[in-house]
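Since the structure comes first, as C-alpha cells, the remarks are kept for the end.
As the structure is a computational prediction, the values presented were derived from the model and not from experiment. Note that the numbering runs from 1 along the sequence shown for the chain.
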Amino acid sequence: MRGSSGEVLDFECASLNAAAEHLVRDWGVPSCVSRWAQHGLGGVDLEACVRTWSSGVPLSATLRLTRDGLHGRFQGVGVKEADALVLWLLEPTGEDPAVVEAEREARRRAEAALESARDALAREELLRQALSKARMVAWEWTEARRAVTWSQDAAAFFGQSPGALGGSLPSFLSCVVVEDRPRVARGIEQALAMDGAYALKFRCRHQDGSTHWYEAVGQSFHEGERPHRMVGVVADCTEREVAEAVLREAEERYRLAARATHDVLWDCDLETGRVRWDGGQEELFGYGPEAADHDFAWWTQRLHPDERESVSRGLHDFIASDEDAWQAEYRFRKDDGGWVHVLDRGVLSRDAAGRPVRMIGSMMDITERKRTLERLAEEAEFRERFIGILGHDLRNPLNAITLSARALRRRAPLSSTQQQMAQRIEASAERMGTMISDILDLTRARLSGGIPLQVAPANLSNVCRQVVEELSAVHPDRYIAFDVDGRSDGLWDADRLAQVLSNLVGNALEHGAQDAPVLLRCLDLETRQVVEVHNPGAPIPAPQLATLFDPFRQAGAAREKGRRRSGLGLGLFIVREIVHAHGGSVDVRSSELDGTTFTVTLPRDARRASR
C-alpha cells in the first residue's frame, strides 16, 4: 500500500504501551496493521489508516476480540502526529482490571488528542481561508527535512499545474521568470545566512502566458550559526505593480510635459498656505531650490506693483467662490530683478463638505507672446497705412491721370497718333485702378478678417442687368443671355455682387467659345438666391479646379489660345471672399460636354454673415 506521495505504508508498530503489549501478548493482536484484517479485527484496516495519513482526518473504528471465552470490544481512534500514526484502543470489556484501567487512561488521552487535532484542523482551515482571501500562500523550510512545504493551492496560486512547485528550491525557481531567477536565489541564500526578517519581490509566468508579480516576506530562525527553519508568506501584488507602473508613467509624462512647455507646476495646500513648485523655477525665474517651497506672501511680494492688488484679490475671490478653474496674466519678478509675463492657471479641489483644500496649476512664460502681440499691433498699424495708401494716396493721382487723358481726347485737337496715345493712357490708368482695387480687396480679405460689406435692400436681377449692359458695351460682338426665375430681392451689398458677376461673366466671355453665347441665370429658391454663369468651350483642366480660387492664379485656357491676361489673378479669389462675406458659397463645374458653370448661392439676408 502506498500513500499520496508514493511512499510505502504498512503501519508496523514502532512502540507499544502496557495495554497494547497486553493485547499483543494475551489477545494475539498482530503488531502490523496490514495483518489486522486477516485476524478478523473489525473496521480498522490499512485503507482507513492511509486516509488518516493522507488527509489528517481522525480515524474511528470498532474492534471485537474473543480469546479463551473472554470477550472484548475496543473503540479504535487514530490521528497523525508529525511522521507517525498514533492509535488508541478504548472501552475494553475484558475482566483484567489492569487492562481496563490502562485502556481507560488511554481513552482519555486519545479523546484529548482528538480534541487537539480537531482544533488544529479548524485553525488550519481558518488560515487557509484567510490566505485565500488575502491572495497569499504560506511556506515553510526546515533543516531536518531539507525541503519546502507549501500551503494548500500554492501551485494554482502561481499559475502552475499540481505538483510543479515540488519541495526544493530548483523546482520552485523553474516557475520564476528567467530574468529574476538569479536574484531570487541570492535572496533566499541571504535570508538563510542571517537570522531575522526578509522580503523579496519577483515575477512568475503562468501557464496561460501571463506574468504576475509576487512579494515574499517572512522570518528565518537560527540555532547558533546554522539556520534550522524559515517561514513566510507570498502575496500576489500584480495589481499594485500595474497601478504603480501607471502612476510612474503618468509622473514621467507630467515631468516631460513640464520640461517641454517650460512651465512651472505648483501645488498649493490651502489649509497651510504653503505652495510647492515642482521644478522649472530656476530656468524660468532664476530662483534656486530653496524657493521651491514658499507661502502666499512670498508669491505676492513678487507680483508687479501695478498688478499685485488686482491679481491677489482675484485669486482670493476665486477660492471663496464656487468656481473650479482660475487664470490670470501678470508680471512676475525674476531673481535678477527683471520681469517676465506669465499666464497662471489653476484648478481647485474641494473636500466632501465642499470646502477648498487644494489648488494645482502652472505658470507659463508668455513674454514672447506679448512681444509677438506688440509686433502684430505694429503690423496692423502698418497694414492700415498700406490700405490707406492704396485707397487714397495712389487712387487720387491715378484718377487725375484718367480724367486728364479723357479731357485731352475730347477737347484738344489731336492727331490720330495723339488720340491713340491718350486712349492708351486712359486704358492703362483704368487697368491700374482695377489692379489697385483687387490688391486692396486682397489685403482686406487676408489681413483684416474679410471684405467689408454695406448691406442694404437690393434686387439681384437689376444688378445682373446692369452687369450685362456694361459688358455688352465692352464686347459688342458677343451675346450675353440673361434669365430671371422668380423673385430676386434680398439684403445684400449690391456693389460687391456687381463686382462678383462682372468677374464671372467677364471670365466666361474671355475663356468661352468666341462664337457661343454666355448664359446668366438668376434663380429663386425661397430662403436662398442662386446665380449661374455658364459658357460653352474648352473645360478648365482638372488639376486647376482645386486651386482655381486661390490668389494670383490664372486659368491656362487663355494662354493656350495665345491671349495675354491683363489681371493679377485675383478675380476669382475676390469673388469667393465677397460671396463668403455674404454667408454664401461659390462652386464650379467644368467638362468637355457641358462646358463651364459657376454657381453662386446666397442667403436671402446677409446681415448676420456681415456682422
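Between F285 and V340, some side-chain heavy-atom pair lies under the 4.5 Å cut-off. M359 has its side chain within reach of W266: a pair of non-hydrogen atoms, C-beta onward, lies under 4.5 Å apart. Residues W213 and K201 are in side-chain contact: their nearest non-hydrogen atoms beyond the backbone lie under 4.5 Å apart. Between W141 and T149 there is no side-chain heavy-atom pair separated by less than 4.5 Å.
Put simply, NE2 on H212 and OG on S210 are 3.5 Å apart, with the number rounded to the nearest 0.5 Å. Summarising the geometry, atom CD1 belonging to I360 is positioned 7.0 Å from atom OG belonging to S349; distances are rounded to the nearest 0.5 Å.
A salt bridge links E368 with R375; the closest basic N to acidic carboxylate O contact falls under 4.0 Å. A salt bridge is absent between R345 and E329; no separation between the charged side-chain nitrogens and carboxylate oxygens falls under 4.0 Å. Taking 4.0 Å as the cut-off between side-chain N and carboxylate O, R274 and D269 do not count as a salt-bridged pair. Remark: R358 does not engage E271 in a salt bridge, criterion side-chain N to carboxylate O under 4.0 Å.
Cation-pi geometry between R302 and W298 is met: under 6.0 angstrom from the ring centre, within 45 degrees of the axis. With W339 as the aromatic partner, R331 does not meet the cation-pi criteria of under 6.0 angstrom to the ring centre and within 45 degrees of the ring axis.
H316 and F296 have tilted rings, their planes meeting at an angle from 30° to 60° on a 0 to 90° scale.
In this structure, F172 has its ring center closer than 6.0 angstrom to the ring center of W150.
Residues D293 and W277 bring no donor and acceptor atom of their side chains to less than 3.5 Å of each other.
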Q.
Under the criterion side chain to side chain contact (heavy atoms under 4.5 Å, CB included), I'd like the reasoning laid out for R308 against T300: C-alpha separation, chi angles, the key distance, then a yes or no.
A. CA-CA 7 Å; R308 181 176 300 155; T300 304; 3.9 Å; yes

